[in-house]
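Throughout, a chain's letter reflects where its sequence line sits, starting with A, and its residues are numbered from 1. For the numbers below, each heavy atom of this structure counts, side chains included, while hydrogens, waters and symmetry mates do not.
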Amino acid sequence: QEKEFNPNSTVQLRTLLFDYAGLKPSKKTPTGAPSTDAEVLKKLADEHEIPKHILSIRQKSKIKNTYLDKILPQLDSDDRLRTGFNIHSTTSGRLSSSGKMNMQQIPRDNPIVKGCIRAKEGNKIVAMDLTTAEVYVAAVLSNDKNLQGVFKEGGDFHGSIAKLVFNLKCKGEEVAKYYPTQRQAAKAVTFGIMYGAGAHKISEQVTKDSGEPFSKHDAQVVIDGYFKQFNKLKLWIDRSSKFIEENGFIYSYFGRKRRLPNVKSDNRGIRGHEVRSGLNFLVQSVASDINLLGAIDAHNMLKEVPFKADIFALVHDSILAEVEEDAIDAYKVLIRECVQKDRGLSIPGCPVGCDFDVGEDYSFGKFAKEYDI
DNA sequence: ATGTTAGGCCAC
DNA sequence: AAACGTGGCCTAACAT
Ligand SMILES: [Mn+2]
């Protein structure tokens with residue numbers, strides 16, 4: 001009573017929710033303390049009015065403190081913000097970004113923040129994004145013809161996967177409509193496999209994404225069906241795991257080395273983590289290098305071309321640039337050529353997919369639509 | 001006053 | 001839950 005409360009303090013919030021208000025903790029932090037993260041707060045929102053206010057404050061302060069308040073004070077004299085890209089700061093060969101702003105963690109669905117990144121007069125922002133790049137890499141490395149076949153077909157990728165795994169009778173394009181849960185499950189397994197997730201994690205993920213309970217057993221059934229359908233993918237994972245466990249290192253297709261000494265740990269959990277790191281490295285590193293090598297080639301080619309286009313950021317599987325309006329089509333052709341170039345890692349006749357967004361700013365029209373009229 | 005850790009959360 | 005991979009930034013709380 002009468003005491004100050006700081007909603008940004010997890011320590012104080014724990015006391016308020018679990019001691020004073022009598023709410024029940026549902027999850028613990030790594031150190032054993034009761035968690036107050038968004039997942040916990042959402043559950044508690046039905047029983048008390050405090051959690052939803054905390055969620056609201058967290059969301060707003062995140063945007064304000066991390067992004068909006070960082071822009072104006074850090075602009076150069078030309079009203080541009082210049083931040084850093086680090087090439088030697090990850091174990092996978094990805095870039096990272098830091099300094100005045102991390103350009104690789106701009107909120108995906110926030111047009112207010114993204115709308116601040118604008119092209120100059122007569123130019124547009126052009127963003128290229130590789131489509132399911134890591135899965136494409138896995139399909140090539142494992143030489144799984146069924147998985148490669150899904151890329152060759154084209155269309156709704158996760159829908160096609162679901163159709164195969166669940167033996168659905170409708171057309172691939174109709175899966176999203178008639179079997180949304182199956183599609184969600186297939187999607188979760190696809191990405192889960194890239195991270196080495198187990199049935200438990202995948203069931204949690206599908207439950208969260210679909211809003212309907214999806215049991216661990218259901219998840220295991222999907223995983224089994226998945227690996228039955230994509231048998232060579234499974235064999236490749238097992239083969240790679242064995243190599244990692246026996247050698248304590250692994251090389252990517254492009255020659256990057258990941259050292260994994262903890263495969264010899266006494267701790268089963270640590271050993272498991274090390275193997276998952278190695279497996280993920282194989283796809284994450286190569287997918288990133290396809291984007292990076294493509295961007296480097298494009299940058300060099302852009303010097304020799306009669307139009308102006310400046311690449312200003314790389315976000316793991318995407319290339320952002322400011323491009324003269326008249327040159328956008330030519331720029332797209334050039335970028336596509338660079339990222340789809342055969343570097344020895346392509347599905348024959350089916351290069352990795354890429355798509356483009358074009359707009360005045362990085363929100364691609366959403367900011368103007370919602371706030372500008 | 002400065003440095004480190006914990007918890008949380010943003011991205012791919 | 002070392003369990004689902006790779007990063008960086010923010011605040012509070014604690015340590016030097
Ligand atoms: Mn993508």
Fill in: Protein-nucleotide distance (A:Y67, atom OH; C:dT11, atom C1'), rounded to Å
15 Å
Item to complete: Could you check whether A:A287 gets within reach of a base, just the sugar-phosphate, or nothing at all, counting any heavy atom under 4.0 Å?
Response: nothing
Discussion item. Does A:G196 reach a base, just sugar-phosphate, or nothing at all? Heavy atoms under 4.0 Å.
Written reply: sugar-phosphate
Practice prompt. Would you indicate what A:H316 reaches in the nucleic acid, counting non-hydrogen atoms under 4.0 angstrom: base, sugar-phosphate, or nothing?
Written response: sugar-phosphate
Discussion item. Between C:dA2 and C:dT6, how many Å separate the two P atoms, rounded to a whole number?
Written reply: 15 Å
Discussion item. Going by side chain to side chain donor-acceptor pair (under 3.5 Å), A:D289 matches just one of A:R256, A:Q284, A:R343. Which one?
Written reply: A:R256
Practice prompt. Walking along DNA chain B from 5' to 3', note the first and the last nucleotide with an atom under 4.0 Å from a heavy atom of chain A, and give both.
Written response: B:dA6 to B:dC12
Worksheet item: Do any side-chain nitrogens or oxygens of A:S277 fall under 4.0 Å of OP1 or OP2 in C:dC4?
Response: no
Worksheet item: How would you label the contact of A:I202 with the nucleic acid (heavy atoms, under 4.0 Å): base, sugar-phosphate, or nothing?
Response: nothing
Fill in: A:K228 and A:D224 ion-paired at < 4.0 Å
no
Fill in: Distance, rounded to the nearest Å, where A:R94 contributes CZ and C:dG8 contributes P
11 Å
Discussion item. With a 4.0 Å limit, can you tell me whether A:R268 has a side-chain N or O closer than that to the phosphate oxygens OP1/OP2 of C:dA3?
Written reply: no
Worksheet item: Of the nucleotides C:dC9, C:dT11, C:dT6, which has the atom closest to the A:N65 side chain?
Response: C:dT11
Practice prompt. Could you tell me whether A:N8 contacts a base, only the sugar-phosphate backbone, or nothing, with contacts defined as non-hydrogen atoms closer than 4.0 Å?
Written response: sugar-phosphate
Worksheet item: Between atom NE2 in A:H200 and atom P in C:dA2, what is the gap in whole Å?
Response: 12 Å
Worksheet item: How would you label the contact of A:T36 with the nucleic acid (heavy atoms, under 4.0 Å): base, sugar-phosphate, or nothing?
Response: sugar-phosphate
Discussion item. Applying a 4.0 Å non-hydrogen cut-off, can you work out what A:S97 is touching in the nucleic acid: base, sugar-phosphate, or nothing?
Written reply: sugar-phosphate
Worksheet entry | Closest to the A:K62 side chain, choosing from C:dG8, C:dA13, C:dA2 | C:dG8
Practice prompt. Could you tell me the separation between the CG atom of A:L279 and the P atom of C:dG5, rounded to a whole number of Å?
Written response: 11 Å
Discussion item. Any base atoms under 4.0 Å from A:S318, or only sugar-phosphate, or nothing? Heavy atoms, all strands.
Written reply: nothing
Worksheet item: Within the structure shown, what part of the strands sits under 4.0 Å from A:K28 by heavy-atom distance: base, sugar-phosphate, or nothing?
Response: nothing
Discussion item. Can you tell me which nucleotide in C:dT11, C:dG7, C:dA2 comes closest to the side chain of A:Q105?
Written reply: C:dG7
Worksheet item: How about A:S98 and A:N86: does a side-chain donor come under 3.5 Å of a side-chain acceptor?
Response: yes
Worksheet item: Is the centre of the A:F166 ring less than 6.0 Å from the centre of the A:Y226 ring?
Response: no
Discussion item. Check the phosphate of C:dA1 against A:K27, side-chain N and O only, distance under 4.0 Å to OP1 or OP2. Yes or no?
Written reply: no
Worksheet item: Under 4.0 Å: is that the gap between some side-chain N or O of A:R276 and OP1 or OP2 of C:dG5?
Response: yes
Fill in: Note, A:Y136 side chain near A:S346 side chain (heavy atom, < 4.5 Å)
yes
Discussion item. Counting the atoms with a prime plus P, OP1 and OP2 as sugar-phosphate, which does A:T91 contact under 4.0 Å by heavy atoms, base, sugar-phosphate, or nothing?
Written reply: sugar-phosphate
Practice prompt. Establish, with yes or no, whether the OP1 or OP2 oxygen of C:dG8 is under 4.0 angstrom from a side-chain nitrogen or oxygen of A:S96.
Written response: yes
Worksheet, complete the sentence: To the nearest angstrom, the CD1-P distance between A:I223 and C:dA3 comes to 15 Å
Fill in: Sugar-phosphate only, base, or nothing, as touched by A:G99 at under 4.0 Å among non-hydrogen atoms
sugar-phosphate
Practice prompt. Scan A:N6 against the nucleic acid and name what it touches under 4.0 Å (heavy atoms): base, sugar-phosphate only, or nothing.
Written response: sugar-phosphate
Discussion item. Please determine whether a side-chain nitrogen of the Lys or Arg among A:E246 and A:K242 lies less than 4.0 Å from a carboxylate oxygen of the Asp or Glu.
Written reply: yes
Discussion item. With a cut-off of less than 4.0 Å, is there a side-chain N or O of A:Q104 near OP1 or OP2 of C:dT6?
Written reply: no
Fill in: Sole residue of A:E337, A:K341, A:Q340 in side-chain contact (heavy atoms from CB on, under 4.5 Å) with A:P351
A:Q340
Practice prompt. With DNA chain C as reference, determine whether A:M194 or A:P30 sits nearer its 5' end, using the nearest nucleotide of each.
Written response: A:P30
Practice prompt. Please work out if A:Q205 contacts a base, only the sugar-phosphate, or nothing of the nucleic acid, heavy-atom cut-off 4.0 Å.
Written response: base
Discussion item. Return the NZ to CD distance between A:K163 and A:E153, rounded to the nearest 0.5 Å.
Written reply: 8.0 Å
Discussion item. Whole angstroms only, please: what is the CD1-P distance between A:I71 and C:dC9?
Written reply: 15 Å
Worksheet item: Which nucleotide sits closest to the side chain of A:S98: C:dC10, C:dG5, C:dC9?
Response: C:dC9
Item to complete: Remember a base hit wins even if backbone is also touched, and classify A:R58 as base, sugar-phosphate or nothing at under 4.0 Å, heavy atoms.
Response: sugar-phosphate
Discussion item. With a cut-off of less than 4.0 Å, is there a side-chain N or O of A:S61 near OP1 or OP2 of C:dT11?
Written reply: no
Practice prompt. Might you confirm whether atom NZ of A:K369 has over 12 heavy atoms from other residues, nucleotides or ligands at distances under 6.0 Å?
Written response: no
Worksheet item: Which of these nucleotides, C:dA13, C:dC4, C:dC10, is closest to any side-chain atom of A:Y195?
Response: C:dC4
Worksheet, complete the sentence: Rounded to whole Å, the CG-C1' distance (A:N280 to C:dG5) equals 3 Å
Worksheet item: Mind checking the P distance from C:dA1 to B:dA6? Whole angstroms is fine.
Response: 15 Å
Fill in: Atom NZ of A:K177: over 12 foreign heavy atoms under 6.0 Å
no
Worksheet item: Given atom NE2 of A:H88 and atom P of C:dG7, what is their separation to the nearest angstrom?
Response: 14 Å
